[in-house]
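In each ligand, atom 1 is the first atom listed, and ligand 1 is the first ligand listed. Residues: numbered from 1 along the sequence shown.
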Amino acid sequence: AVRRACVLTDSVFHKLVKNETLTKDDKSPVTVGDFSAQALINTIITRAFPDDPIVGEEDASDLRVESGITLRNRIVELANEALTAELKQGDDPAWGIGPGATQTAEQIMDVIDRGNYGGGPKGRMWTLDPIDGTKGFLRGEQYAVCLSLIVDSRVELGVIGCPNLPIDPSNPSLGKGSIFYAVRGQGAWQVPLTEPFSSSPKRLTIPAFTNETLNLLESVEKAHAKLSFNDRVAELLGITRPPTRMDSQAKYCSLARGDGGVYLRMPTGVGYKEKIWDHAPGSVLVEEAGGVITDSRGEPLNFGLGRTLGENFGVVAAGKAVHSRVLEAVQKAKEEEALAAQNAKI
Ligand SMILES: Nc1ncnc2c1ncn2[C@@H]1O[C@H](COP(=O)(O)O)[C@@H](O)[C@H]1OP(=O)(O)O
Ligand SMILES: [Mg+2]
Ligand SMILES: [Mg+2]
Ligand SMILES: [Mg+2]
């Protein structure tokens, strides 16, 4: 499902025109690529696991009204193109894909809305972010197709497709596009996007870092994370390498294979709540690569609270040894901030 969605989003990027993007109520963009990829993946999950609910980012309400007709028609066309594309290794026609698997507009809208599940502490559920990092996607930079399976609040499986991420940053000639995945207890792995089943998966482990090699992975978008706080944490840790900025859960993939040493995401203070689909796949990937992920207090992320992670204390992910040092630096930077705020009041 993730492979097929990556082919879809990559082809949408090259065909995208100006009026194919909407601005949602929270001011974030959503494109025909997000909707059609959610239709595609929800179709496959629904056919393979009919009883499983899905917590998906997008919903079809904006497409069901008069003003959404043009966008809806385009999404139906793109979703059907992706659904009916020829079967590849690993595909099963019972999943509603392959030549002839066309759906009506109504079916496409309904299957997008299979992502409306509210989440919660008990039972099996999938999380889906059809395009994570939509702003990166629109810039032609990093984005990711992100899927996870949660059972009783614990992430058991995470799959992240990164069409624009170099396969090996130290060897650019290998090109771009990988799928990263982890099954709880079975390790973290990387396979090429083009041939995910016929090449042997590469096992990922977070390497050891020194102060010279350590660096931060952080958002491109200033509105998504408090980057000035990251700078202070880096300073406290004695980090000299500049941060690596990239959109989406590609940051978790980069962390899992050692391209960067710490993923630090602190709230900007405007009340934004982090969504479970933005961290569930990445969290199991990092843990299976030998890392630790918590909020900035050192508490585990709680995937059983509903569609969000609840009150926002940020995210800290890193290899085991580095993680405890980062938490200490984060506490120190928070204390400094509190003191400065107090002084400003006086
Ligand atoms: N105001 C916000 N604060 C934090 N994250 C946000 C905000 N608005 C959208 N996001 C989500 O942050 C994630 C990307 O952030 P980054 O790339 O900086 O890590 C995406 O999941 C994006 O949603 P989306 O999936 O719609 O792109
Ligand atoms: Mg979005
Ligand atoms: Mg997202
Ligand atoms: Mg998204």
> Pairing donors with acceptors under 3.5 angstrom, does anything connect the side chains of Asp259 and Thr244?
no
> Hey, which atoms in ligand 1 end up nearer than 4.0 Å to a heavy atom of Lys251?
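Going through ligand 1 atom by atom, the ones under 4.0 Å from Lys251 are 16 (P), 17 (O), 19 (O).
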> Got the closest protein heavy atom to atom 24 (P) of ligand 1, with its distance?
Gly133 N, 3.8 Å
> Measure Ser28 to ligand 1 on non-hydrogen atoms and call it side chain, backbone, both or neither using the 4.0 Å cut-off.
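None of Ser28 does.
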> Nearest N/O/S atom of Asp129 with respect to the Mg ion (ligand 4), by atom name, please.
OD1
> Do any of the N, O or S atoms of Asp132 sit under 2.8 Å from the Mg ion (ligand 4)?
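Within the cut-off used here (under 2.8 Å), Asp132 places no N, O or S atom near the Mg ion (ligand 4).
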> Can you tell me if, anywhere in Val30, an N/O/S atom lies at a distance from the Mg ion (ligand 4) that is smaller than 2.8 Å?
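No, Val30 does not qualify, because none of its backbone or side-chain N, O or S atoms lies under 2.8 Å.
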> Give me the residue, atom name and distance of the protein heavy atom closest to atom 17 (O) of ligand 1.
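The protein heavy atom lying closest is Ser248 N, 2.6 Å.
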> Around atom 8 (N) of ligand 1, find the nearest protein heavy atom and jot down its residue, atom name and distance.
His224 NE2, 3.5 Å
> Is Lys15 atom NZ crowded by more than 12 heavy atoms from other residues, nucleotides or ligands, each under 6.0 Å away?
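Result for NZ/Lys15: enclosed.
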> Would you please test Tyr272 and His224 for side-chain hydrogen bond (donor to acceptor under 3.5 Å, both in side chains) and show each step?
CA-CA 9 Å; Tyr272 180 81; His224 292 181; over 6 Å; no
> What is the ring orientation for Phe13 with Phe137, classed by angle as parallel under 30°, tilted 30 to 60°, or perpendicular over 60°?
perpendicular
> For atom 2 (C) of ligand 1, tell me which residue out of Tyr252, Tyr263, Tyr272 has the closest non-hydrogen atom.
Tyr272
> Is the NZ or CZ atom of Arg154 both under 6.0 Å from the centre of the six-membered ring of Phe303 and within 45° of that ring's axis?
no
> Suppose I only count heavy atoms of Ile131 and a 4.0 Å limit; which atoms of ligand 1 are within that range?
25 (O)
> For the 3.5 Å polar cut-off, considering only N or O atoms, please tell me whether Glu274 and ligand 1 meet it.
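No, Glu274 has no N/O under 3.5 Å of an N/O on ligand 1.
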> Which protein non-hydrogen atom lies closest to atom 18 (O) of ligand 1, naming both residue and atom, and how far is it?
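The answer is Ser219 OG, 2.6 Å.
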> Report yes if the distance between the aromatic ring centroids of Trp126 and Tyr117 is under 6.0 Å, otherwise no.
no
> Could you please spell out the steps behind the salt bridge (Lys or Arg N to Asp or Glu O under 4.0 Å) verdict for Glu57 and Lys275?
CA-CA 9 Å; Glu57 180 182 358; Lys275 310 298 191 294; over 6 Å; no
> For ligand 1 and Lys135, I'd like to know whether there is a polar contact (N/O to N/O, distance under 3.5 Å).
no
> Any N/O/S of Glu57 under 2.8 Å from the Mg ion (ligand 4)?
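Glu57 does place an N, O or S atom closer than 2.8 Å to the Mg ion (ligand 4).
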> Would you kindly specify which portion of Asp129 sits under 4.0 Å from ligand 1, judged on non-hydrogen atoms: side chain, backbone, both or neither?
side chain
> Answer with side chain, backbone, both or neither: which part of Glu57 has a heavy atom less than 4.0 angstrom from an atom of ligand 1?
side chain
> What I want to know is whether Arg265 and ligand 1 share at least one N or O pair that is separated by under 3.5 angstrom.
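For ligand 1, there is an N or O atom that lies under 3.5 Å from one belonging to Arg265.
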> Looking only at heavy atoms of Gly136, does any of them come nearer than 4.0 Å to an atom of ligand 1?
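Contact absent.
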> With a heavy-atom distance limit of 4.0 Å, tell me whether Asp278 approaches ligand 1 through its side chain, its backbone, both, or neither.
side chain
> Any idea which protein heavy atom is nearest atom 20 (C) of ligand 1, and the distance to it?
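I find the closest protein heavy atom is Asp132 OD1, 3.2 Å.
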